[in-house]
Amino acid sequence: MNKPENFEFKAEMKQLLHLIIHSLYTNPEIFIRELISNSSDALNKIRFRQLTDTNIIDANISLAINIQANKEDSSFSIEDSGIGMTKDELVNNIGTIASSGTTEFLNQLKAENSGKADINQLIGKFGVGFYSVFMVTDEVTIETRSSELNSVAYKWISCGENNFTIEESDRQTRGTKISFKLKEEYKKYAEEYNIEQAINKFSNFVDFPIYINDKEIKRVTAIWQLKKEDITDEQLDEFYKFISNDYQKPLSHLVLNIEGNINFKSILFIPETAPAALFRDVNESTLHLYVNRVFIQNDAKALLPDYLRFVKGVVDTEDLPLNVSREFTQNSPVMAKIKNVLTSRILSWIEDLAAKESDQFRKFYDNFSSLLKTGLYTDFANKNKIIDLLRFESTKTKENEMISLKEYVLRMKSDQKEIYYISGTSRELVENNPNIEYFKKNEIEVLFFTDPVDVFIIPYIDNYEEKLIKSIDKTDIDFSVNDKKTDENAEKNTEEKTGIISKFKEILKDKVEDVVVSKRLVSSPVSLVVGNTGMDSQMEKVMQMINKDFQSSKKILEVNVNHKLIENLNRIYNENNNSEILETAINQLFESVLLIEGQIKDPNEFVKRMIGFMTEATE
Ligand code: ADP
């Protein structure tokens, strides 16, 4: 047997090892992930080589990872039948830092957080995952035999810090075994249960069987690595439940295999139901990120825009280093590219659902559209795709039926130039809003914006296919569409009918911006509308909810001078423009529209006046 040969680590390596050994760790169990990942790489290499080359030793042994752990003496070893290492490889691959120009970074790190270095960041920066074992042990032995015919086996031993030795070994089989004794404070990793936990967390989808003390551990298949047509529905359901903690089946799934300028495989799911707090639940796990089947994180937020965070699933890429840290994933251009691809694929997927599986789409929409809509003001690049996914009930849809803006435009009246909507808290409420009467009578479709977020998204849509989207609460509606009735009315709206308007102005001068003759009212006597720059009333309500001090702007009162009541008031006005009943009636009318809008501040006056009227009427 030869004598051990002594080697010294390079200066940078020494510094790094010093940091690893003397730092505090939040997650020491990642050494298991790193060792399994190295074994898995070595097994992948030999499997690949065997495809074309059978001139290797042990060509027929099975490809597997074996962990032996003994809690009596705290020993731990991991062995693979992978490609192994030659002596040169041992010296060059194990003893050096992958990236260069690191001294400065190391000094900086040392100065900044002595004793608190993030091990993930260290090994991510330097590509030295193997050294994470020095978190949990004082001395490591590597025994390895390369797959080359006639190869010699070697034993590498190091205590970290300064140097390592290499000598020949009597190992016979191909592959690598790494063994060590766990430090007292980490001896729990010699227990099968804790090892299995770590494997379940990080290495569930490694492509080779893993044994702990000769028992194979059960794992879920990495189904995203299978061919799309080979994945069964049962597998999909099982996998979805595994990653989402949902007990139900998913509503829909999407399998992606992206190759080219960015490479990743992914399976995505839309859940059947929304979480209880869709908007608040920002910490929900969303996408699980894997690098070459090795688990990185279960809430890779940087992979999805916020408005799509209801999507669950997995992304596995070879374009990231294994040891990416959280900070890294947040700023990585690779992550950003994956996010772009995912976003556009998800939106197309939903579009597809809408076109082909309307029931599924409707469920999706009921559950997640409020969140999806927020994308309109955060994701300008995909705004048009999101707009096309919007659906609304309208004056022409049956209860519960919904249409898209595209459908709206298709069935617009030939001379209609604008898209109309009304917002409010429920279909029933908006359908009874007096401002809608004109549109109903003239069969002009009005969309119902009954989702509270709708009023916020409107400013971001503005127009669709060059048609302005307008609230029918506003004054500047184009009343020329298909409307002979209004023209006839206009002729009838002569001065003798409109004298009462000046009385309205006099009585309500502090409460409204203006009083005008209405073109839109059919059966109601009065209604409130907003000036062109004002917010519609639903939006004001939401603003008041958010900010107690929010001052609503003054409205414009529209008066239907063809309504019987207004005609009567006008007649009284022409006889005696100071008649007391005029003031009471005008105030009552004004407050009745406030009441409908839920804006009445003090109902007492209103009720008193009403009782007065009823008393008179019954005398
Ligand atoms: P990384 O895996 O990020 O390259 P490591 O420090 O973990 O960095 O490993 C350094 C190198 O050592 C690997 O790239 C590989 O060439 C070699 N190596 C480590 N473990 C094994 C193993 N079990 N079998 C064969 N080679 C290995």
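Note that the structure is predicted; figures quoted are calculated from it, not measured. Below, each value reflects all heavy atoms present in this structure, side chains not excepted, and no hydrogens, waters or symmetry copies.
- Between L254 and I267 the shortest side-chain heavy-atom distance does not fall below 4.5 Å.
- One finds the NZ atom of K383 at 9.5 Å from the OH atom of Y460 (value rounded to the nearest 0.5 Å).
- At least one donor-acceptor pair closer than 3.5 Å links the side chain of Q360 to the backbone N or O of L251.
- For the pair R33 and F202, the cation-pi test (distance below 6.0 Å, angle within 45°) is passed.
- Of the charged side-chain nitrogens involved, at least one lies within less than 4.0 Å of a carboxylate oxygen, so that E272 and K363 count as a salt-bridged pair.
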side-chain contact (heavy atoms from CB on, under 4.5 Å) between I472 and Y421, worked out: CA-CA 6 Å; I472 63 163; Y421 73 87; over 6 Å; no

Check against side-chain contact (heavy atoms from CB on, under 4.5 Å), I566 and L589: CA-CA 10 Å; I566 304 296; L589 275 168; 4.0 Å; yes

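- No side-chain donor-acceptor contact under 3.5 Å links N400 and E393.
- By the 4.0 Å N-to-carboxylate-O rule, K385 lies too far from E351 to be salt-bridged with it.
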D366/R362 under salt bridge (Lys or Arg N to Asp or Glu O under 4.0 Å): CA gap, chis, key distance, verdict: CA-CA 6 Å; D366 289 345; R362 185 54 198 265; 3.0 Å; yes

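- With respect to the salt-bridge test (charged N to carboxylate O, under 4.0 angstrom), the residues K467 and E418 do not qualify.
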Full working for salt bridge (Lys or Arg N to Asp or Glu O under 4.0 Å) between D207 and R47: CA-CA 11 Å; D207 203 17; R47 183 164 66 184; 2.9 Å; yes

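- Contact between K312 and R309 at its shortest, heavy atoms only, is NZ-O, 4.3 Å.
- Side-chain atoms of S358 never come within 3.5 Å of backbone atoms of A354 as a donor-acceptor pair (strictly under, hydrogens ignored).
- Separation of atoms CG (N44) and OG (S39) is listed at 11.0 Å; rounding is to 0.5 Å.
- Here the CD1 atom belonging to I436 is positioned 11.5 Å from the OG atom belonging to S527, to the nearest 0.5 angstrom.
- Distance alone, capped at 3.5 Å, is enough to place a donor-acceptor pair between the N432 side chain and the E428 backbone.
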CA sep, side-chain torsions, deciding dist, call: D415, K413, salt bridge (Lys or Arg N to Asp or Glu O under 4.0 Å): CA-CA 6 Å; D415 50 351; K413 302 209 139 188; over 6 Å; no

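- Between Y307 and L372 the shortest heavy-atom distance is CD1-O, 3.6 Å.
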D451/S370 under side chain to side chain donor-acceptor pair (under 3.5 Å): CA gap, chis, key distance, verdict: CA-CA 7 Å; D451 179 346; S370 301; 2.8 Å; yes

Side chain to side chain donor-acceptor pair (under 3.5 Å) evaluation trace for D388 with Y464: CA-CA 9 Å; D388 279 327; Y464 181 79; 2.9 Å; yes

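- A distance-only check finds no donor-acceptor pair linking the side chain of S524 to the backbone of V526 [under 3.5 Å].
- Ring geometry for F310 versus F364: interplanar angle of 30 to 60°, hence tilted.
- The closest side-chain heavy-atom distance from T378 to D306 is not below 4.5 Å.
- Partners of D319 under the side-chain contact (heavy atoms from CB on, under 4.5 Å) rule, at least two apart in sequence or in another chain, are I262, N263, T317, V334.
- A distance of 10.0 Å separates CG of L268 from NE2 of H253, quoted to the nearest 0.5 Å.
- With hydrogens and angles disregarded, no donor-acceptor distance shorter than 3.5 Å links the side chain of S40 to the backbone of I36.
- Residue N560 comes nearest to S523 through the heavy atom pair ND2-N, 4.4 Å, listed as atom of the first residue, atom of the second, then distance.
- Closest heavy-atom contact between P271 and Y240: CB-OH, 3.2 Å.
- The shortest distance between side-chain heavy atoms of F269 and F239 falls below 4.5 Å.
- Separation of atoms CG (N261) and NZ (K337) is listed at 4.5 Å; rounding is to 0.5 Å.
- For the residue pair E431 and T395, no side-chain donor N or O sits within less than 3.5 Å of a side-chain acceptor on the partner.
- In terms of modelled atom types and a separation under 3.5 Å, the side chain of N442 and the main chain of Y438 share a donor-acceptor contact.
- When the shell of 6.0 Å around CZ of R427 is examined, it contains more than 12 heavy atoms from other residues, nucleotides or ligands.
- For an aromatic pair to be called close, the ring centres must be under 6.0 Å apart, and F439 with Y420 satisfies this.
- Other residues, nucleotides and ligands contribute more than 12 heavy atoms inside 6.0 Å of the CD atom of E229.
- The number of heavy atoms from other shown groups lying within 6.0 Å of NZ (K249) does not exceed 12.
- What you find for I338 and V315 is that their closest heavy atoms are CG2-CG1, 4.1 Å.
- Counting all heavy atoms, side chain and backbone alike, I32 lies closest to I195 at CD1-CA, 4.2 Å.
- Qualifying salt bridge (Lys or Arg N to Asp or Glu O under 4.0 Å) partners for E29, counting only residues two or more places apart in sequence or in other chains: K201.
- Contact of the T343 side chain with the L304 side chain is not registered, since no non-hydrogen atoms from C-beta on lie closer than 4.5 Å.
- One N or O on the side chain of E401 and one on the backbone of K398 form a donor-acceptor pair closer than 3.5 Å.
- Looking at E238, its side chain never comes within 3.5 Å of a backbone N or O of Q235 through a donor-acceptor pair.
- Within the 4.5 Å cutoff, side-chain heavy atoms of I469 are placed close to those of L405.
- Between the side chain of N435 and the backbone N or O of L528, at least one donor-acceptor pair lies under 3.5 Å.
- Between E445 and R411 there is a salt bridge, with a side-chain nitrogen of the basic residue lying less than 4.0 Å from a carboxylate oxygen of the acidic one.
- Within the 6.0 Å centre-distance limit, the rings of F392 and F449 are counted as a close aromatic pair.
- Between H288 and Y290, the ring planes lie parallel to each other; the angle is under 30°, not in the 30° to 60° tilted range.
- Counting heavy atoms from C-beta on, the side chains of V559 and L557 come closer than 4.5 Å.
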Residues K339, L342; criterion side-chain contact (heavy atoms from CB on, under 4.5 Å); working and verdict: CA-CA 5 Å; K339 175 177 168 178; L342 286 179; 5.7 Å; no

CA sep, side-chain torsions, deciding dist, call: I556, V516, side-chain contact (heavy atoms from CB on, under 4.5 Å): CA-CA 7 Å; I556 297 166; V516 298; 3.9 Å; yes

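- One distance of note links CG of L236 with OG of S252; it measures 10.0 Å at 0.5 Å rounding.
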Stepwise side chain to side chain donor-acceptor pair (under 3.5 Å) check, E34 with S37: CA-CA 5 Å; E34 295 299 326; S37 151; 5.2 Å; no

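- Note on K373 versus D454: salt bridge recorded, some NZ/NE/NH1/NH2 to OD/OE distance being below 4.0 Å.
- Remark: the backbone N or O of R293 is paired with a side-chain donor or acceptor of D316 at under 3.5 angstrom.
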